[in-house]
Number of protein chains: 2
Amino acid sequence: MKKEEAKRIFRQYIKKQGLRNTRQREEILDVFLSSGGHITVDELFDKVKKRDSSIGYATIHRNLNLLLEAGLAEEIKIGKEKTRYEQMHMREHHDHLICLECGRFIEVVDENIEKLQNRLAEEKEFTPVRHKLEIYGYCKKCR
Amino acid sequence: MKKEEAKRIFRQYIKKQGLRNTRQREEILDVFLSSGGHITVDELFDKVKKRDSSIGYATIHRNLNLLLEAGLAEEIKIGKEKTRYEQMHMREHHDHLICLECGRFIEVVDENIEKLQNRLAEEKEFTPVRHKLEIYGYCKKCR
DNA sequence: GGTGTGTTGAAATTAATTATCAATATCTTA
DNA sequence: TAAGATATTGATAATTAATTTCAACACACC
């Protein structure tokens with residue numbers, strides 16, 4: 001299961017940095033990996049609090065930052081909406097079509113675009129690690 | 001000159017919304033359009049202040065929001081860095097290669113990628129308006 | 001030029017994130 | 001497995017960024 005792999009990566013990162021694993025850290029990690037696609041800090045806080053009501057807000061932030069550093073999460077911020085955190089390892093990579101009218105996300109992948117991106121990077125003597133593509137416009141319903 | 005066109009678009013937008021043009025608004029517009037690629041709120045504030053030292057910070061924010069609404073500016077936020085505002089009309093569209101090590105931006109364009117993006121959107125019955133592509137990795141110097 | 005109302009600057013407020021600190025928990029080593 | 005060094009936690013304070021408030025002002029339409 002992919003979740004276990006993600007957990008292993010996180011625990012490895014923690015250890016490598018000379019940090020320690022804790023009950024709270026594991027709880028947050030598990031909830032994050034069990035959440036859907038894109039979660040806000042508040043949503044994560046609420047979900048974790050249901051399992052462990054003593055957990056603090058600052059701890060959520062601290063550990064989200066670790067997840068970012070470990071490459072397991074990525075911040076996505078769209079317009080004036082709240083920052084969301086997206087899983088990077090659990091889910092397949094995908095790009096976003098974002099409707100300017102209703103705010104709906106459509107997740108897409110196109111192998112050819114991915115290839116061209118890599119080629120483009122290579123031309124500039126750049127080693128690509130990951131990317132983010134957001135196409136803004138109007139969805140089926142709103143156009 | 002492109003700058004004049006951008007100004008016209010902004011003035012039109014202002015009028016259409018039933019808003020008014022002001023000395024400060026024009027000043028901010030001009031400084032924004034004269035700035036390089038990506039400017040932070042503070043940088044813009046400092047530059048405007050040199051021309052008109054009485055201008056307030058809130059006015060910068062208010063008018064940046066108008067520039068966003070009018071489609072002349074776009075927010076770009078990378079990692080933990082300060083939000084930057086990019087010109088949308090003055091400059092040709094381009095994507096970004098962003099170095100994870102030194103933070104350098106490389107601006108790129110690839111016609112083929114642009115075309116594939118439009119085709120992808122069309123397949124999903126989505127009408128694309130604009131897009132943002134950021135490729136993260138390591139630049140020539142850092143890889 | 002007068003007038004209605006949008007805009008401004010300054011300060012207060014809100015929202016989001018980070019820092020502080022004493023108490024506690026973890027991990028290593030002996 | 002007990003001890004000790006130190007990272008982590010929760011609560012709160014502090015910081016940062018962006019927005020709101022409000023009285024004075026200024027723009028645009030007449």
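Just so it is clear, the structure is predicted and the values come from calculations on it, not from any experiment. Naming: A, B, ... by sequence-line order, numbering from 1 per chain.
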Taking CG from A:L68 and C1' from C:dT18, how many angstroms apart are they, rounded to a whole number? 14 Å

So if I take residues 71-78 of chain B and measure heavy-atom distances to DNA chain C, which residues fall below 4.0 Å? none

Mind checking side chain to side chain donor-acceptor pair (under 3.5 Å) for A:E122 and listing every partner two or more places apart, or none if nothing turns up? none

With a 4.5 Å cut-off on side-chain heavy-atom distances among I, L, V, M, F, W and Y, is there a chain of contacts connecting B:M88 to A:I78? no

Whole angstroms only, please: what is the NZ-C1' distance between B:K49 and C:dT8? 13 Å

Could you tell me, to 10°, how much the axis swings from one end of the helix from C:dG1-D:dC30 to C:dA30-D:dT1 to the other, five pairs per end? 50°

Outermost DNA chain D nucleotides near chain A [under 4.0 Å, heavy atoms]: D:dA5 to D:dT19

Looking across every strand, which nucleic acid part, if any, lies under 4.0 Å from A:Y57 by heavy atom: base, sugar-phosphate, or nothing? base

From the options B:K3, B:R11, B:R23, B:R25, select the one residue that forms a salt bridge (charged side-chain N to carboxylate O under 4.0 Å, His left out) with B:D30. B:K3

Heavy-atom nearest nucleotide on DNA chain D for B:L19 versus A:S54: which residue maps closer to 5'? A:S54

Atom of A:L68, atom of A:E75 and distance for their closest heavy-atom approach: CD2-N, 3.8 Å

With A:Y57 via ring pair (Phe, Tyr, Trp, His ring centres under 6.0 Å) - residues at least two apart: A:F45, A:H61

Here the distance between atom P of C:dT8 and atom CD of B:E26, to the nearest Å, is 11 Å

Length of the CG-C1' vector between A:L67 and C:dT17, whole Å: 16 Å

Linking Ile, Leu, Val, Met, Phe, Trp and Tyr by side-chain heavy atoms under 4.5 Å, what else ends up with B:V108? A:L97, A:I106, A:V108, A:I113, A:L116, A:L120, A:F126, A:L133, A:I135, B:L97, B:I106, B:I113, B:L116, B:L120, B:F126, B:L133, B:I135

Could you tell me whether the side chain of A:K15 and the main chain of A:L19 form a donor-acceptor pair under 3.5 Å? no

Check the interface with nucleotides 20-25 of chain C: list each N/O to N/O pair with the protein under 3.5 Å, or write none.
none

Could you go through A:I28 and A:I55, starting from their C-alpha distance and side-chain angles, then the distance that decides it, and tell me whether this counts as side chain to side chain contact (heavy atoms under 4.5 Å, CB included)? CA-CA 10 Å; A:I28 291 168; A:I55 209 152; 4.1 Å; yes

Check whether any side-chain heavy atom of B:V41 lies under 4.5 Å from a side-chain heavy atom of B:L44, and answer yes or no. no

Mind calculating the distance between CG (B:N21) and P (C:dT7) to the nearest angstrom? 10 Å

Does any non-hydrogen side-chain atom of A:D110 lie less than 4.5 Å from one of A:D95? no

Test your reading of the model: is there a side-chain donor-acceptor pair from B:Q87 to the backbone of B:F32, 3.5 Å cut-off? yes

Once side-chain contact (heavy atoms from CB on, under 4.5 Å) is applied, do any residues pair with B:T40, and if so which ones, sequence neighbours excluded? B:D42, B:E43, B:K82, B:R84

Go through the structure and list residues passing side-chain contact (heavy atoms from CB on, under 4.5 Å) with A:K50, not counting sequence neighbours. none

Which protein N or O atoms sit under 3.5 Å from an N or O of nucleotides 28-30 of chain C?
none

Can you list the residues that meet the side-chain contact (heavy atoms from CB on, under 4.5 Å) rule with B:K47, with sequence neighbours excluded? B:V31, B:S35, B:I39

Side chain to side chain contact (heavy atoms under 4.5 Å, CB included), that's the test. Do A:H38 and A:Y85 meet it? Break it down for me. CA-CA 5 Å; A:H38 330 86; A:Y85 293 82; over 6 Å; no

Just how far, in rounded Å, is P of C:dA16 from NE2 of A:H61? 9 Å

Residues at least two apart in sequence or cross-chain that pass ring pair (Phe, Tyr, Trp, His ring centres under 6.0 Å) with B:H131, listed by chain then number, are B:H93

Taking for B:N65 and for A:T59 the nucleotide of DNA chain D with the nearest heavy atom, the one nearer the 5' end belongs to A:T59

A:Y85 OH to C:dA16 P: how many Å, rounded? 11 Å

For B:N63, answer base if it contacts any base atom (sugar-phosphate contacts may also be present), sugar-phosphate if it contacts only those atoms, and nothing otherwise; contact means non-hydrogen atoms under 4.0 Å. sugar-phosphate

